Amino acid sequence: MRVVAGERGGIRLTAPPDGRTRPTSDMIREALFSMLGEISGWTVLDPFAGSGALGLEALSRGAAQADFCELSAAALRALRANIERLGYADRCVVRRQDATRRMAADAAAERRYDLLLLDPPYRMLPELQETLCLHLPRITSPQGRVVVESASAAEAPRLPLETVVSRVHGDTRVTILRHA
């Protein structure tokens with residue numbers, strides 16, 4: 001696994017050794033960021049960060065700042081090592097915090113992001129539905145985008161946002177949404 005493109009393109013990333021984290025593949029990250037286009041200066045939330053591959057890819061491609069949330073100690077070690085390796089410590093905030101609590105806190109504080117990268121364990125998506133419907137519209141900037149990764153066999157997520165595109169890549173569906 002590596003950073004695909006941008007100022008840190010080609011640098012290898014560490015994955016947690018516990019096998020519980022499913023990092024987004026290089027191919028899917030390339031497709032996802034091709035669909036997004038230009039993201040220079042954007043603020044990013046990666047609430048199910050794992051190794052941080054998605055948020056770090058965004059930084060390499062010009063995003064201004066990335067906030068990461070993760071609960072797993074092994075994933076947090078990998079995430080912090082990747083941030084250090086890439087030299088992005090000054091552009092990152094890392095929290096050992098539940099993603100739903102982070103989104104609720106951001107909504108309460110009226111914090112908005114230009115890009116939300118949601119890659120939870122696929123089996124969790126149905127139980128996250130209510131929380132995502134409640135908070136995503138409030139924490140996504142008016143011109144922002146929400147990216148949701150899910151199993152290819154599953155339908156695109158039903159959220160109170162407009163679907164821009166939903167494509168299947170192997171066993172993964174990538175859906176990009178925005179305010180209507």
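All of these numbers come straight from a predicted model, not from anything done at the bench. These numbers come from the heavy atoms of this one structure, side chains and all, not from hydrogens, waters or symmetry mates. Note that the numbering runs from 1 along the sequence shown for the chain.
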Query raised in the report: Is there side-chain contact between V164 and T175, with heavy atoms separated by less than 4.5 Å?
Result: no

Query raised in the report: With side chains defined as the heavy atoms from C-beta onward, is the minimum distance between H169 and V174 less than 4.5 Å?
Result: yes

Query raised in the report: Do P47 and F68 come close enough that some side-chain heavy atom pair is under 4.5 Å?
Result: no

**Report entry** Side-chain donor-acceptor pair present, S72, R77, cut-off under 3.5 Å
**Finding:** no

Requested in this report: Determine, step by step, whether R61 and E57 satisfy the salt bridge (Lys or Arg N to Asp or Glu O under 4.0 Å) criterion, reporting the C-alpha distance in whole Å, the side-chain angles of both residues, the deciding distance to 0.1 Å, and the verdict.
Outcome: CA-CA 6 Å; R61 291 171 182 254; E57 186 74 39; 2.8 Å; yes

Query - salt_bridge(D106, R102) N-O dist < 4.0 Å - result: yes

Query raised in the report: Going by atom types alone, do S166 and R173 pair a side-chain donor with an acceptor below 3.5 Å?
Result: yes

Report task. For the residue pair L115 and T43, establish whether any side-chain heavy-atom pair is separated by less than 4.5 Å. Result -> no

Query raised in the report: Is any side-chain N of the basic residue among D114 and R145 closer than 4.0 Å to the acidic one's carboxylate O?
Result: no

Exercise answer: donor-acceptor pairs, residues 121-135 side-chain atoms, under 3.5 Å, sequence neighbours excluded:
| residue | atom | partner | partner atom | Å |
| --- | --- | --- | --- | --- |
| Y122 | OH | R22 | NH1 | 3.4 |
| Y122 | OH | T172 | OG1 | 3.1 |
| Q129 | NE2 | R158 | O | 2.1 |

Query - Student check: side-chain heavy atoms of I139 and R112 closer than 4.5 Å - result: no

Query - Donor-acceptor pair between Q65 and D67 side chains, under 3.5 angstrom - result: yes

**Report entry** Linked, directly or transitively: V146 and W42 (ILVMFWY side chains, under 4.5 Å)
**Finding:** no

Requested in this report: Walk me through it: do R2 and E30 pass the test salt bridge (Lys or Arg N to Asp or Glu O under 4.0 Å)?
Outcome: CA-CA 11 Å; R2 63 184 173 81; E30 177 63 35; over 6 Å; no

